[in-house]
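Along the sequence shown, the residues carry numbers beginning at 1.
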Amino acid sequence: MLRRSATAFAVIAALSLGGCASKKARPQGDMAASKVTTIGVNSYLWRASLDTLSFMPLAETDSNGGVIVTDWYVNPQIPTERMKVTVTILDQDLRADALRVTALREVNRGGQWVEAPVQAATIQKLEDIILTKARDLRRASITNG
């Protein structure tokens with residue numbers, strides 16, 4: 001009898017302690033502004049950057065620091081020119097200023113690769129493509145989520 005009442009007391013105590021817990025609503029993240037997972041940077045920008053640069057060989061990726069560095073890529077249609085791209089994600093939010101793209105370009109002159117200027121429009125186009133893909137990924141996750 002003592003054992004049964006002790007068990008009943010333990011069950012009642014556990015149930016009443018559960019009622020003491022705060023009934024606060026869970027904080028909701030702003031899915032429209034950011035999507036941060038275990039990678040440490042905005043996952044939409046990260047995924048969009050990888051997708052955009054998927055045709056180039058990757059030399060280095062750092063998902064915590066938000067850096068993607070490609071190896072030299074030679075366009076088969078222009079074999080005398082090669083490009084190397086670095087994408088840096090600077091923020092956890094999906095914003096235009098959270099992304100920085102830099103590029104190096106070299107041309108082959110007489111068997112030697114010589115540094116050549118990169119048109120600003122090329123870098124701007126890459127940034128626009130990445131941002132558009134990131135926004136599309138975010139929209140898809142909100143619609144499906």
Side-chain angles (χ1 to χ4, degrees), residues 6-145:
T7 303
F9 178 77
V11 170
I12 292 170
L15 290 174
S16 59
L17 284 177
C20 292
S22 171
K23 297 285 184 187
K24 290 182 184 176
R26 291 184 130 179
Q28 296 294 319
D30 184 3
M31 287 291 289
S34 67
K35 172 80 175 181
V36 180
T37 59
T38 57
I39 64 172
V41 294
N42 184 283
S43 65
Y44 300 125
L45 286 172
W46 181 256
R47 183 76 246 159
S49 298
L50 288 174
D51 288 350
T52 301
L53 300 175
S54 65
F55 68 96
M56 300 178 86
L58 295 179
E60 177 186 342
T61 59
D62 177 6
S63 59
N64 287 322
V67 178
I68 300 169
V69 180
T70 69
D71 205 350
W72 289 106
Y73 170 74
V74 177
N75 184 341
Q77 297 173 348
I78 311 170
T80 59
E81 180 178 297
R82 67 183 185 175
M83 294 275 297
K84 187 174 193 170
V85 177
T86 301
V87 174
T88 308
I89 301 169
L90 305 167
D91 200 340
Q92 294 180 348
D93 291 332
L94 177 50
R95 303 179 341 189
D97 62 352
L99 180 71
R100 183 175 58 217
V101 176
T102 57
L104 298 173
R105 178 176 166 252
E106 291 183 347
V107 292
N108 193 330
R109 292 206 178 108
Q112 292 285 1
W113 290 104
V114 179
E115 191 172 331
V118 178
Q119 293 181 357
T122 302
I123 293 171
Q124 185 63 50
K125 182 72 172 168
L126 274 172
E127 288 179 352
D128 291 345
I129 291 168
I130 292 169
L131 288 167
T132 300
K133 281 185 188 237
R135 289 181 189 116
D136 290 345
L137 289 169
R138 183 194 69 199
R139 243 182 255 116
S141 74
I142 291 172
T143 304
N144 297 333

side-chain contact (heavy atoms from CB on, under 4.5 Å) assessment of Leu45 paired with Leu131
CA-CA 7 Å; Leu45 286 172; Leu131 288 167; 3.8 Å; yes
Is the side chain of Thr70 donor-acceptor paired with the backbone N or O of Val85 at a distance under 3.5 Å, no angle test?
yes
Would you say the side-chain atoms of Arg105 pair up with the backbone N or O of Pro117, donor to acceptor, closer than 3.5 Å?
yes
Is the shortest heavy-atom distance from the side chain of Leu50 to the side chain of Leu58 under 4.5 Å?
yes
Any side-chain heavy-atom pair of Ile123 and Thr102 under 4.5 Å:
no
Rounded to the nearest 0.5 Å, the CD1 atom of Ile129 sits from the CG atom of Leu53 at a distance of 9.5 Å
If the threshold is 4.0 Å, N to carboxylate O, is there a salt bridge linking Asp136 and Lys133?
no
For the residue pair Trp113 and Pro79, what are the closest heavy atoms and their distance?
CH2-O, 3.8 Å
Side-chain touch Thr86/Glu60, heavy atoms, less than 4.5 angstrom
no
Distance-minimising heavy-atom pair for Ala134 and Ala48:
N-CB, 3.4 Å
Under a 4.5 Å cut-off applied to non-hydrogen side-chain atoms, are Asp97 and Leu90 in contact?
no
When rounded to the nearest 0.5 angstrom, what is the spacing between CZ in Arg47 and OG1 in Thr52?
10.0 Å
Measuring from Gln112:CD to Glu106:CD, what's the distance to the nearest 0.5 Å?
10.0 Å
Ser49 versus Leu99: any side-chain heavy-atom pair under 4.5 Å?
yes
Quick check for you: to the nearest 0.5 Å, what is the distance between Thr132 atom OG1 and Glu127 atom CD?
11.5 Å
Over all heavy atoms of both residues, which pair between Ser63 and Val41 is shortest? Give the atoms and the distance, please.
O-CG2, 3.6 Å
Here the gap from Tyr44 atom OH to Ile89 atom CD1, rounded to the nearest 0.5 Å, amounts to 13.5 Å
Over all heavy atoms of both residues, which pair between Val118 and Ala103 is shortest? Give the atoms and the distance, please.
CG2-O, 3.6 Å
To the nearest 0.5 Å, what is the distance between CG (Asn42) and CG (Leu94)?
5.0 Å
Check: Thr61 and Trp46 side chains under 4.5 Å, non-hydrogen atoms
yes
Tell me the closest heavy-atom pair linking Met83 and Thr122, and the distance in Å.
CE-CG2, 4.3 Å
